[in-house]
Amino acid sequence: MLEYTFIPYDHESFSDEEMLKRSTDFYRWANSRRSVRDFSPDPVPKAVMENIVATASTAPSGANKQPWVFCLVSSKEMKSRLRVLAEEEEKRSYDGRMNEEWLKDLEPLGTNWVKEFIEVAPWIVVVMKKPYETDGQGNKRNNYYVNESVGLATGFLLLAIHNAGLVALIHTPSPMNFISKALNRPENERPFLLIPVGLPAKDVKVPDIKRKTLDQVLEYYD
Ligand SMILES: Cc1cc2nc3c(=O)[nH]c(=O)nc-3n(C[C@H](O)[C@H](O)[C@H](O)COP(=O)(O)O)c2cc1C
């Protein structure tokens with residue numbers, strides 16, 4: 001059985017006043033993040049993307065299994081291929097797989113089956129989840145709370161992208177099996193999300209969505 005040694009945790013804490021200032025500043029900064037659907041083709045250094053993925057991989061995970069892999073796609077050919085395949089699925093979804101209510105909810109966002117951003121953005125991060133690990137001899141070990149863990153890692157990824165002054169879009173072409181095939185991923189990985197990352201296109205506009213207010217999302221039990 002694996003046993004951990006326990007080491008001191010070097011933790012920084014703050015006065016109430018400083019905590020309030022930091023948490024307010026952080027909230028304001030996080031609230032300035034927006035999903036962007038029009039990207040500039042300008043390149044973003046690989047080292048920046050590596051830091052962003054390293055940050056995502058600091059997320060907590062069920063039993064510390066870290067059941068994720070981040071594929072960084074910048075190859076023109078692969079991005080074109082992913083675009084074609086994603087658009088095939090999206091066209092089918094918009095032309096009948098999504099119900100009326102879903103299409104109505106998407107209407108104000110102005111989305112459709114055309115996914116130009118997959119080709120234009122300098123990087124596509126494909127987040128893969130790993131329901132189980134293999135040891136190369138056909139033995140499988142299940143991971144725990146895989147969706148929760150990979151969702152958390154993706155949250156960290158998005159804030160790291162925002163922190164670097166970059167923008168992203170969570171994209172969910174459905175079904176996503178084509179990604180595993182195109183990227184030749186192993187059997188124990190499943191596509192989770194496809195995320196174009198880069199700089200925004202010049203004069204980009206975003207829908208004027210409203211975030212729920214605190215009293216809509218917070219319940220006290222004092
Ligand atoms: C799980 C998930 C799937 C999403 N899928 C898509 C998508 O396929 N296409 C798209 O344009 N936006 C997609 N979005 C982006 C949402 O529309 C966007 O996050 C939402 O409108 C809020 O806007 P904001 O990110 O600017 O706060 C997705 C977001 C999430 C979290």
Side-chain angles (χ1 to χ4, degrees), residues 26-40 52 56 59 67-71 73 79 81-121 123-129 131 145-180 182-183 189-201 203-214 216-218:
F26 191 78
Y27 158 63
R28 286 196 182 131
W29 171 79
N31 195 29
S32 69
R33 182 208 56 79
R34 290 302 315 274
S35 291
V36 163
R37 295 176 178 82
D38 294 303
F39 289 81
S40 152
I52 287 168
W68 47 66
V69 172
F70 300 88
C71 301
V73 181
K79 285 193 295 178
R81 201 153 158 225
L82 289 175
R83 176 182 174 181
V84 168
L85 296 169
E87 286 184 340
E88 273 173 25
E89 293 297 353
E90 288 290 275
K91 188 156 192 333
R92 265 182 234 137
S93 295
Y94 277 86
D95 287 353
R97 274 201 302 231
M98 292 192 281
N99 62 28
E100 280 302 309
E101 191 183 350
W102 193 343
L103 289 169
K104 255 211 161 88
D105 278 342
L106 287 176
E107 215 172 86
L109 295 173
T111 59
N112 59 31
W113 62 269
V114 180
K115 303 298 168 190
E116 195 184 10
F117 53 71
I118 299 181
E119 259 183 309
V120 177
W123 293 98
I124 304 297
V125 182
V126 178
V127 184
M128 305 293 296
K129 66 177 181 181
Y145 297 111
V146 171
N147 288 324
E148 292 84 347
S149 302
V150 184
L152 281 162
T154 305
F156 280 38
L157 182 95
L158 286 187
L159 285 187
I161 289 166
H162 185 44
N163 178 61
L166 299 169
V167 294
L169 176 70
I170 300 282
H171 181 37
T172 41
S174 174
M176 288 203 277
N177 318 354
F178 70 87
I179 294 175
S180 304
L183 298 180
E189 292 180 17
R190 309 269 183 276
F192 188 69
L193 294 167
L194 186 156
I195 310 177
V197 178
L199 288 159
D203 301 325
V204 78
K205 289 202 164 53
V206 293
D208 186 17
I209 55 157
K210 299 282 172 262
R211 295 199 160 116
K212 288 185 176 175
T213 57
L214 249 201
Q216 288 176 298
V217 299
L218 172 65

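In listed order, ligands and their atoms are each counted from 1. Numbering starts at 1 and runs along the sequence shown.
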Contacts table for residues 154-175: side-chain donor-acceptor under 3.5 angstrom, sequence neighbours left out:
residue: Thr154; atom: OG1; partner: Val150; partner atom: O; Å: 2.8
residue: His162; atom: NE2; partner: Trp29; partner atom: O; Å: 2.8
residue: His162; atom: NE2; partner: Ser32; partner atom: OG; Å: 3.0

Any side-chain heavy atom of Arg81 within less than 4.5 Å of one from Val84? no
What does the list of residues with a heavy atom under 4.0 Å from ligand 1 look like, ordered by chain and number? Arg33, Arg34, Ser35, Arg37, Leu109, Thr111, Leu169, Ile170, His171, Thr172, Ile209, Arg211
Under the side-chain hydrogen bond (donor to acceptor under 3.5 Å, both in side chains) test, which residues partner Arg97, sequence neighbours left out? Glu89, Ser93
Lys205: partners by salt bridge (charged side-chain N to carboxylate O under 4.0 Å, His left out), with sequence neighbours left out: none
Would you say that Arg190 contacts Val146 through its side chain, given a criterion of any heavy-atom pair below 4.5 Å between the two side chains? no
Could you tell me if the side chain of Thr111 sits less than 4.5 Å from the side chain of Tyr94, heavy atoms only? yes
